Structures are given as C-alpha cells and as structure tokens.
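As the structure is a prediction and not an experimental result, all values here were calculated from the model. Order of appearance sets the numbers: ligands from 1, and atoms from 1 within every ligand.
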Amino acid sequence: MKKILTGLKPTGDLTLGNYIGAISQMVKLQDEYESFVFVADLHALTTYQNPDELRQRIRKFIAMYIACGIDPKKNTIYIQSENEYLGNISYLLECSTTYGEASRMIQFKEKSKQNANFSVGLLTYPILMASDILYCDTDLVPVGIDQKQHVELARNIAERFNNKYGYTFKLPEPFINSNGQKINDLKYPDKKMSKSEENPNGVISLFDSVEDVKSKIKKATTDSLNNIHYDKENQPGISNLLNIASILDNASIEELENRFKGKGYGEFKSYVADVVGNFIEKIQAKYNEIINSKELDEILDAGIKKSRELAREKYELMKERMGLIR
Ligand code: ATP
Ligand code: LTN
C-alpha cells in the first residue's frame, strides 16, 4: 500500500486554511493509503514559542485532527519531537544538501527578511521536513501550495543521497488540492490565511465560536462589482469565499455561481457563513468529546512507537550506507 504523510506546525491555532490545504486531503485519502499525520512541533521552534502555550497547543492539534476526521484506526498519529531519530537523520541529510539550495527556499528568503535575527533552524527547516517525509518511505505529501517547494527539495535530497550511497529513499511527490490550493485571508484576500497572523479578523480559527466565524465572513473584504463570479485577479475576496464554500459544501464553483446569479453579496455571505458555521459546530462538538480523553494518549503512544521503529531502521540503513559502522 502506498504511503501519505503530512504535518502541521503548532505556531498558532489551526485555521480553515490548514483544514482545507492539508487535513481534509488526508481525510479524503486515508482509505486508499497507509497514512501518517503528526504535529511538527520541532518546526514551530524556528521562532520562539511560549513553552506552556506550546505544550497545550500540541495536544489541541492532535484532538482537532481527529475531530476533523483523521481516523486513528487508519492513521499513525504522533508528535514529531517524540521521535529522536528524526534529528539524527536530518543531520545526515544536511550533509547532502548545499547551502545554496537551502537558502533558495522561498519561505526562508521571505522569513529571513522579516527578522534579521533569524535562527539557523529557519535555514535547516526544510531538511528536517525532508527527514519527516523520507524516513518512512512516503509516496505522497498532501500540503498547501506554499509547501510544494519543500517537498520537491526532499525529493532532490533523496535522489542525491541515493546516487551517492546507493538506493536508500523512495522519491516523494507533493499532492496539492487542485480545487482550493490556497485559502486567503478574509480581510486581505491577496494574502494567505495564516495561523500566526496577528490580526484575527481575516483568519478563521477552527476554535472560533460559531458567532465569530459568521461575523468574520459577513465582514470579509469583497469588491464593488456586485457579481458572484470566480475571478482571482479582479475579485479575490469573492473568489476566496467561493473556494471555501465549494470545498465545505461539496459543490462546484460553477454550481455556486449559477445558484447566486443576480443575487447580492449579503445573501451570498449569509450562505457561506452558514456553511462554515455548521462545519465549525460539528468539529468542535467532536473535539470537546476527545480533548481530555485517555484514548488520546493511547493513540499517541501507538503512533510514536510505530514512527520510531521505522525511523530507527532508516537511520541504521543510512549509517551503514555512509560508512558509519564499526
Ligand atoms: P504559519 O502562519 O506559522 O506559517 P500556517 O497557517 O501557514 O502557519 P503551516 O503549519 O505552515 O500553517 O501549514 C500547515 C499545512 O497547511 C501546510 O500543508 C500548508 O501548506 C497548509 N496551509 C496553511 N495555510 C493554508 C492556506 N491558507 N490555504 C491552504 N493551505 C494552507
Ligand atoms: N513545513 C510544514 C510542516 C511540515 C510538514 C512536514 C508537512 C513539517 N514536516 C512533512 C508535510 C510533510 C508546514 O506546513 N509549514
């Protein structure tokens, strides 16, 4: 059976963008693939995280994954930092990655510009991500479009390692949701909806109250064309809302355009607010059932056991291939 894997970093509360870009794709594919989902807590540390908040957020992530439909019976669910082999694998992969390659990553270029005191971890971040992907022979990596370049780097590193040392890694591929690709901020619809965004008005957190969600959608930035039409260039706000509703309500964009032909933005926004509100209500009910359950720890124990075994095997193989044996 082929394998899929994805991780999300606990730098803030999970957003609707995270759900659409990564989590919902895993839910869709979990019946056909052997699936791995984790909390990328090591990746969160490239910027300072308050330790108490981080600890709580990690558990919330796991419970929310399950509430969103990630089935613990079909997925290996774990916390990245509990697998100590990943850091070791990462160092060995760093030695097969050039500085030029790492510093050309778009995310590194953007984030290093935002903060002159960026950590070295920001540069090596995609190589740790390559370890996450390569240690268990992942075939497909469901991610949002912003992570595509990192998955491609993982593939290049794997290929180079295989050429130097003999076949060790399967070559992974990114899997991008062709429909939504990227959910944008409701206030600034040219910008990605992001969990570490400081202004909460344009971001739908999966933990927002239903009232807040509806109010944010009703206040979303639109345009003055008064036409419910998918046109990312000229109508980015309306296109974003069409994307969101289309995915959550399982309707095509064309279907929605036809349904709201000649209708006003107020009516359309009310519809989108109901769709998202119902979704949030449903997942939060499930989340509240599991967040304090013992079952959550059992799931994590089983998940990390399997993940560590696979990582240990791959680490030993890498060492052998590289001459790190007695
Ligand atoms: P940060 O604000 O800290 O950069 P983020 O909200 O961008 O966080 P990540 O943890 O970097 O989230 O991303 C987790 C997954 O969710 C990745 O696969 C990413 O591509 C996807 N994702 C994040 N935001 C969006 C979005 N707005 N639309 C679609 N996919 C998204
Ligand atoms: N960098 C990713 C999180 C992440 C990831 C991974 C995603 C870490 N390791 C492996 C897919 C596969 C992000 O979304 N910011």
What protein heavy atom lies closest to [atom]? Include the residue and the distance to one decimal.
atom                    : result
atom 24 (N) of ligand 1 : M193 O, 3.5 Å
atom 27 (N) of ligand 1 : I183 O, 2.7 Å
atom 20 (O) of ligand 1 : D146 OD1, 2.6 Å
atom 4 (C) of ligand 2  : G7 O, 3.7 Å
atom 14 (C) of ligand 1 : L8 CD2, 3.5 Å
atom 3 (O) of ligand 1  : T11 OG1, 2.7 Å
atom 15 (N) of ligand 2 : Y125 OH, 2.8 Å
atom 4 (O) of ligand 1  : K9 NZ, 2.9 Å
atom 9 (P) of ligand 1  : K195 NZ, 3.3 Å

### Parallel, tilted or perpendicular: ring planes of F279 versus Y19, cut at 30 and 60 degrees
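F279 vs Y19 ring planes: tilted.
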For ligand 1, which atoms, with element, lie under 4.0 Å from some heavy atom of [X]?
X    : answer
V143 : 18 (O)
S196 : 1 (P), 2 (O), 3 (O)
A22  : 15 (C), 16 (O), 18 (O)
K182 : 28 (N), 29 (C)

**OP:** Kindly identify the option in G17, G12, G144, A40 whose heavy atom sits closest to atom 29 (C) of ligand 1.
**Re:**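 The residue whose heavy atom sits nearest atom 29 (C) of ligand 1 is G17.
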query: Which of these, D132, I133, V141, has its nearest heavy atom closest to atom 9 (N) of ligand 2?
result: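 The nearest heavy atom belongs to D132.
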Where on [X] is there a heavy atom closer than 4.0 Å to ligand 2, on the side chain, on the backbone, on both, or on neither?
X    : value
L128 : neither
V143 : side chain
F36  : neither

| Given N240 and N243, is the side chain to side chain donor-acceptor pair (under 3.5 Å) satisfied, shown in steps? | CA-CA 5 Å; N240 195 34; N243 250 335; 5.1 Å; no
Counting distance only, does the side-chain N/O of [X] pair as donor-acceptor with the main-chain N or O of [Y] below 3.5 Å?
X    : Y    : result
Q149 : I106 : yes
E197 : G202 : no
N75  : V37  : no
Y265 : N227 : yes

| request: Say whether H150 and ligand 2 are in contact under the criterion: heavy-atom distance to a ligand atom below 4.0 Å. | output: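 No, H150 has no heavy atom closer than 4.0 Å to ligand 2.
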Open item on the list: Below 4.0 Å, non-hydrogen atoms only: which portion of N18 touches ligand 1? Side chain, backbone, both or neither.
Closed with: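 Contact part for N18 vs ligand 1: both backbone and side chain.
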| said: I'd like to know whether ligand 1 has H150 as a neighbour, heavy-atom separation below 4.0 Å. | reply: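 Flag not set, H150 not near ligand 1.
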**OP:** May I ask whether T15 has any heavy atom positioned less than 4.0 angstrom from an atom of ligand 1?
**Re:**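 Judged by the 4.0 Å heavy-atom criterion, T15 does not count as contacting ligand 1.
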Query raised in the report: Does R104 make a cation-pi contact with Y99, if we ask for NZ or CZ under 6.0 Å from the ring centre and within 45° of the axis?
Result: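 So R104 doesn't make the cation-pi contact.
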cation_pi(K314, Y85) dist<6.0 Å, angle<=45: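 No cation-pi geometry.
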Close-contact set for ligand 2 against [X] heavy atoms, below 4.0 Å:
X    : value
Q147 : 1 (N), 2 (C), 13 (C), 14 (O), 15 (N)
A40  : 8 (C)
L5   : 10 (C), 12 (C)

*Do K192 and ligand 1 have an N or O pair less than 3.5 Å apart?*
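By distance alone, the answer is yes.
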Worksheet item: Has ligand 1 got any nitrogen or oxygen that is less than 3.5 angstrom from a nitrogen or oxygen of K111?
Response: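 Right, the criterion is met.
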| request: Any chance you could lay out the side chain to side chain contact (heavy atoms under 4.5 Å, CB included) test for F36 and L310, step after step, and finish with the verdict? | output: CA-CA 12 Å; F36 294 74; L310 290 170; 3.8 Å; yes
* Asked: Do E313 and L317 come close enough that some side-chain heavy atom pair is under 4.5 Å?
  ->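 Side-chain contact under 4.5 Å: no.
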